Structure formats: structure tokens, C-alpha cells
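Below you will find the structure I want to go over with you.
Whatever order the structure lists them in is the order used to number ligands and atoms, beginning at 1. Remember, it's a predicted structure, so these values are computed and weren't measured experimentally.
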Amino acid sequence: MKTQVAIIGGGPAGMLLAEMLHSKGIDSVIVEAKSRDYVLSRIRAGVLEQGTVDILRSLGLGERMDREGHPHDGMKIVWAGQDSFFIDVNKHIGKQFMAYGQTNIQEDLFKACDQRKGNILLEAHDVQLMDIASKAPYVTFTHEGQSRRLDCEFIAGCDGFHGVSRKAIPKHVLKEFERVYPFGWLGILSETPPLPDIIYANHPRGFALASMRNPQLSRYYIQTPLDAKIEDWSDDQFWEELKARFPKDIADAIVTGPSIEKSIAPLRSYVAEPMRYGQLFLAGDAAHIVPPTGAKGLNLAVSDVFYLSRAIASFYKSGQSELLDSYSEMALRRVWSSVRTSWYLTNLLHRFPNASDFEQRAQENELSYLKSSYHAQVALAEQYAGLPLEEPF
Ligand code: FAS
Ligand code: PHB
């Protein structure tokens with residue numbers, strides 16, 4: 001098999017990259033380890049930056065999002081039982097953000113790929129990246145019981161944190177930065193009407209978050225200890241703990257119901273540099289992980305593949321490799337901005353098990369400052385809305 005771009009991974013990064021390349025007349029093949037159902041069964045992100053919404057619309061992928069998604073002007077923060085305060089992102093920055101689940105985006109991407117008869121190989125195993133430092137890299141894998149080889153000009157490593165692409169970069173080249181948090185998030189999906197706003201809570205019992213997927217589908221999270229097990233959490237225990245972490249007026253407005261999905265995710269900040277080696281370009285979770293506190297993970301995957309598709313298209317159009325050569329630096333500027341913001345919000349909103357009294361007081365003062373300072377809120381709103389994508393020089 002031969003293609004221009006071999007894409008490893010059929011999550012949002014890989015599937016969106018394929019659509020972007022196709023819109024520029026560039027051929028790609030997606031090699032995905034799991035089945036379509038498995039990929040669609042993962043419940044993950046829920047908040048899209050304006051930049052992501054604009055990109056999806058520009059590719060003709062916005063019709064269902066605009067019909068079923070929920071635009072928000074801002075989000076609420078509440079702590080220590082105090083009144084909640086609203087950070088009006090739209091007033092400060094002139095941008096909204098959209099509540100629309102990653103699962104829906106994945107469904108929309110599969111549909112677009114099918115409609116254009118895109119080439120996606122599902123349940124491909126033993127994927128190996130070969131000769132990535134040469135001008136003729138290739139990928140080997142087994143598919144439908146047969147050993148296959150895919151020759152290409154570029155390889156996009158979109159295979160997430162546990163994929164093989166990042167590991168193909170020699171250890172002496174790769175520099176890794178990591179912060180593992182001493183807690184996780186227990187998330188629940190329920191077919192109940194959500195609260196009107198996205199609300200973050202910092203409570204002595206721990207962090208909590210109220211979000212949504214659509215007017216009949218709620219998404220809630222609570223901070224849990226690292227050793228928490230899903231089997232230890234009945235729905236009733238979850239709802240009781242969630243309500244305990246919000247002020248009474250908000251807690252009383254929460255409509256409870258049976259969970260249709262319940263999972264625990266660990267929290268980490270991670271960045272791998274560089275995001276390019278030879279003809280291999282990393283994008284999305286393959287290169288970086290953020291704690292979901294800032295709702296940045298999926299949005300970073302989108303900005304990475306926007307930069308990468310633009311760079312590959314520029315190469316094929318003009319033969320120039322400047323944008324390819326600057327891809328890693330440009331993508332990492334935005335990655336580090338989102339990593340820093342997600343780290344800031346995680347430190348601001350969670351209760352750290354070993355926090356000293358000093359650290360606890362400093363956290364409460366930061367929350368109080370954020371509540372009272374217009375400028376602090378504008379700065380956070382700018383980051384939460386997502387910084388503008390960089391123009392090519
Ligand atoms: P993905 O991990 O989504 O996709 C990678 C794909 O590569 C997968 O389909 C995988 O099967 C495939 N793959 C892996 N190894 C392979 C191999 N060797 N060969 C071929 N294919 C291979 N972000 C938010 O913004 N908000 C959230 O609330 C949020 N919650 C999350 C909860 C969890 C449990 C996790 C894990 C992530 C969460 N994220 C959240 C982040 C998440 O949305 C990611 O940022 C997003 O999925 C990134 O997309 P990809 O880079 O495509 O990686
Ligand atoms: C979600 O709806 O899943 C969500 C919302 C905001 C976040 C993280 C996750 O910061």
C-alpha cells in the first residue's frame with residue numbers, strides 16, 4: 001500500500017487530520033488499533049474552544065454540533081461554600097465555547113470519512129514505524145490476519161499517550177516533562193437535565209465539576225484519591241458526594257438519575273519535545289497530556305493537526321519545508337500555554353492531600369483574588385477561550 005500521509009490512530013487527532021488533508025487534496029490512510037465501537041465507547045472531552053468550533057465548521061463538520069451543541073458565554077467557580085462567581089469569557093474576550101461531546105465529534109468524523117470513502121484500517125495490530133528519519137518511511141502492521149506494509153512520505157503519530165509513535169523517537173532525542181497529580185476524577189454520565197452552567201467547585205471535601213453533553217445528558221465529576229476504585233462508588237454515593245461539594249442552592253438544583261457511564265481517570269501533565277523526528281510528526285495526546293480541569297486536551301489535538309495539515313499542504317504546494325521545520329516549535333508554544341493553564345486551574349481548584357496550611361491559605365487567597373479582580377478574570381478568560389492560532393510567518 002502507498003499513501004502520502006500515514007496516520008497512526010483514529011481518535012479525534014487522526015480522524016480530523018485526515019479530513020483536513022483531504023480538504024487540501026492530500027491522500028492519507030488511518031491505521032487504528034481498535035474497532036469503531038470501541039473508539040466510540042470512550043467518554044472523554046466535552047468543551048470545545050471557539051477555534052475548534054470554527055475549524056469543524058470550516059470542514060463542513062459543524063452541522064450536528066450547531067444543532068445539538070450548547071454554546072456558553074462563561075463558567076462558574078464556587079469555593080468553600082461561598083457564592084459562585086461567573087467568569088464571562090464572551091464579555092471579556094468576545095468568544096464563546098461549545099459543550100459538545102468528543103464522542104459526537106468522533107461519530108461525525110467517522111461519518112465524514114465514510115462519505116468520502118476515506119481509507120481507515122480498524123483493528124490493526126503490531127504497528128511499527130520504519131525508517132522514520134529517511135525520505136521513504138513506512139509502517140508495518142497486521143490487519144485482518146495479514147502482514148501489511150504502508151509506504152508513505154509522512155507519518156502522523158496520532159496514537160495517544162499509550163501509542164507507539166512517541167516511542168519511535170530515539171531516547172537521546174526525546175525530552176519529557178511530567179507532573180503526576182495525587183488524585184483522579186470520577187466521572188458520571190446520566191440522562192438527566194444538566195445545570196445551566198459549567199460549574200467548578202473547590203470544597204474541603206475535594207473538587208467537583210458540573211457539565212453537560214446536551215439538554216438531556218449531564219456530565220459530572222468529583223476528585224477522588226489515587227486508590228479509588230469504581231466498584232467502591234455506587235450511583236447514590238456519587239450523587240451524595242457531588243451535592244456535598246456544591247453550595248445548597250446549586251446542590252438542590254442537581255437532578256440525579258442512574259449512570260449510563262461511570263469511570264475514573266488519573267490526572268497528569270505531560271509534554272514530549274520535540275513533536276517531530278525525521279518524517280514523523282506527533283499530534284494530540286501522543287505528544288502531550290493535560291489534566292481535564294482546563295478542558296484543553298481535545299482542543300490541543302485540534303490545534304496540532306491544524307498546524308500539521310497546513311505545513312504538509314504548504315510542502316506539497318510549494319515544495320517549501322519551512323512550516324514543516326517549524327511545526328514542533330509552533331505547536332509547542334500553544335501546548336505549553338494550555339499545559340500551564342490546566343496546571344494552574346488544577347492547583348487552584350483541587351484539595352491536595354499533603355497541602356500545608358500555608359499552601360491552603362494561598363489557594364484561598366488566589367480564589368478570592370480571582371473573584372474580585374477584573375484583570376485576573378480577563379487573563380483566565382483569554383486562556384480558557386483558547387489563544388488565537390498562529391499565522392504562518
Ligand atoms: P486519543 O487517545 O483519543 O486517540 C488515539 C487513538 O490511537 C485511539 O483510538 C487508540 O485506539 C489509537 N491507538 C493507540 N495505540 C495505537 C497503535 N499502536 N496503533 C494504532 N492505533 C493506536 N479532554 C478534555 O478536553 N476534557 C475532558 O474532560 C477529557 N477527559 C478525558 C478522560 C479520559 C479518560 C482520557 C483518557 C482523556 C480525556 N481528555 C479530555 C483528553 C482527551 O479528550 C484527549 O485529549 C483526546 O482524546 C486526544 O485525542 P487524540 O490525540 O486523538 O488521542
Ligand atoms: C466535560 O464536560 O467533560 C468537561 C467540562 C469542563 C472541563 C472538563 C471536562 O474542564
G297 N/O to ligand 1 N/O under 3.5 Å:
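Yes; the residue has a nitrogen or oxygen that sits under 3.5 Å from a nitrogen or oxygen of the ligand.
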Got the closest protein heavy atom to atom 5 (C) of ligand 1, with its distance?
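Result for atom 5 (C) of ligand 1: C158 O, 3.4 Å.
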Count I, L, V, M, F, W, Y as connected when their side-chain heavy atoms are under 4.5 Å apart, and connections chain through other members. Are L217 and Y221 then in the same cluster?
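No, it is not one cluster - the side chains of L217 and Y221 are not joined through contacts under 4.5 Å.
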Side chain or backbone of P12 under 4.0 Å from ligand 1, or both, or neither, by non-hydrogen atoms?
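Both of them.
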Sub-4.0 Å atoms of ligand 1 with respect to non-hydrogen atoms of V127:
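With V127 as reference, the close atoms of ligand 1 come out as 19 (N).
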Between I30 and G10, what is the shortest heavy-atom contact and its length?
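Closest approach of I30 to G10: CG2-CA, 3.7 Å.
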What atoms of ligand 1 come within less than 4.0 Å of a heavy atom belonging to G284?
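Listed by number with element, the hits are 51 (O).
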For ligand 1, note which part of D285 has a heavy atom under 4.0 Å away: side chain, backbone, both or neither.
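For D285, backbone and side-chain atoms both sit under 4.0 Å from ligand 1.
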Which of the listed options, I7, V305, D159, V164, holds the heavy atom that is closest to atom 7 (O) of ligand 1?
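Nearest heavy atom to atom 7 (O) of ligand 1 lies in D159.
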Which atoms of ligand 1 are found less than 4.0 Å from any heavy atom of V31?
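It comes down to these atoms of ligand 1: 20 (C), 21 (N).
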Checking contacts here: is it the side chain or the backbone of A124 that comes within 4.0 Å of ligand 1, counting heavy atoms only? Could be both or neither.
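Neither; no heavy atom under 4.0 Å.
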Check the hydrophobic clustering (I, L, V, M, F, W, Y; side-chain heavy atoms under 4.5 Å; chains of links allowed) and say if I312 and M15 are grouped together.
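Yes; tracing contacts between hydrophobic side chains, which count when under 4.5 Å, links both residues.
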Any chance the rings of Y374 and H92 have centres within less than 6.0 Å?
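When the ring centroids of Y374 and H92 are compared, they turn out to be within the sub-6.0 Å range.
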Can you sort out the partners of W185 under side chain to side chain donor-acceptor pair (under 3.5 Å), two or more places apart, ordered by chain and number?
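So W185 forms a side chain to side chain donor-acceptor pair (under 3.5 Å) with H350.
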For residues 127-154, which residue pairs qualify under salt bridge (Lys or Arg N to Asp or Glu O under 4.0 Å), counting only residues two or more places apart or in two chains?
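For residues 127-154: R149-D151.
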At under 4.0 Å between heavy atoms, is it the side chain or the backbone of V290 that contacts ligand 1, or both, or neither?
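The answer is neither.
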I need the contact type for W185 against ligand 1. Using non-hydrogen atoms and a strict under-4.0 Å cut-off, is it side chain, backbone, both or neither?
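Looking at W185 and ligand 1, no heavy atom falls under 4.0 Å.
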Shortest heavy-atom approach to atom 52 (O) of ligand 1 - which of A286, A13, S342:
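The nearest heavy atom belongs to A13.
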Pairs touching residues 382-391 that satisfy side-chain hydrogen bond (donor to acceptor under 3.5 Å, both in side chains), sequence neighbours left out:
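Qualifying pairs: Y200-Y384, R333-E390, S337-Q383, T341-Q383.
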Which residue owns the protein heavy atom closest to atom 32 (C) of ligand 1, what's the atom, and how far is it?
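Result: R44 CG, 3.8 Å.
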Starting from atom 24 (C) of ligand 1, locate the nearest protein heavy atom and write down its residue, its atom name and how far away it is, to 0.1 Å.
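Its nearest protein heavy-atom neighbour is A45 CB, 3.2 Å.
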Closest protein heavy atom (residue, atom, distance) for atom 28 (O) of ligand 1:
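The protein heavy atom lying closest is Y221 OH, 3.5 Å.
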Does a salt bridge link R276 with D325, judged by any charged N lying under 4.0 Å from a carboxylate O?
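The answer is yes: the pair qualifies as a salt bridge.
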Check: F154 ring centre within less than 6.0 Å of F315 ring centre
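When the ring centroids of F154 and F315 are compared, they turn out to be within the sub-6.0 Å range.
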4.0 Å heavy-atom contact, R42 with ligand 1
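Yes, R42 has heavy atoms under 4.0 Å from ligand 1.
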Under 4.0 Å from ligand 2 - residues by heavy atom, chain and number
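R44, G46, V47, W185, Y200, L209, S211, R213, R219, Y221, P292, T293, A295.
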